[in-house]
Amino acid sequence: GGAGGGAHTRELRRAEQRVGPLEMMRLVANRVYFSKAYAVLYSCMVLLNVVMLVWLVWNGGNALSASFIALEIMVTALLAPEVLT
């Protein structure tokens with residue numbers, strides 16, 4: 001938001017005029033990949049995976065818990081698009 005949003009949009013439009021659609025997709029993907037939000041997402045994923053690993057070790061490898069399974073589904077659902085692209 002704010003004043004930076006308009007400048008960002010203008011920058012993307014100028015880049016779009018200079019490059020083809022594939023290059024534009026790469027530009028946008030790189031902006032997302034190197035963004036703070038992306039870093040926060042993956043930091044959360046690492047933290048969740050560590051929690052799940054400790055949970056498994058603590059319970060002797062027994063993951064049969066609705067909470068654990070829900071957490072595993074959430075982590076997998078968030079990571080699947082990254083792997084598939």
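All values reported here derive from a predicted model rather than from experimental measurement.
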Report the C-alpha separation of Phe68 and Asn59 in whole Å, then their side-chain angles, then the decisive distance to 0.1 Å, and conclude whether the side-chain contact (heavy atoms from CB on, under 4.5 Å) test is met.
CA-CA 11 Å; Phe68 184 88; Asn59 289 312; over 6 Å; no

Ser67: side chain to side chain contact (heavy atoms under 4.5 Å, CB included) partners, not counting sequence neighbours
Trp55, Ser65

Among all residues two or more places apart in sequence or in another chain, which pass the side chain to side chain contact (heavy atoms under 4.5 Å, CB included) test with Leu48?
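Leu48: side chain to side chain contact (heavy atoms under 4.5 Å, CB included) contacts with Met45, Leu71, Met74, Val75.
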
Same apolar cluster (I L V M F W Y, side chains within < 4.5 Å links), Val51/Ile69:
no

I'd like to check the side-chain hydrogen bond (donor to acceptor under 3.5 Å, both in side chains) partners of Glu72; sequence neighbours left out, ordered by chain and number.
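Per chain and number, Glu72 pairs via side-chain hydrogen bond (donor to acceptor under 3.5 Å, both in side chains) with Thr76.
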
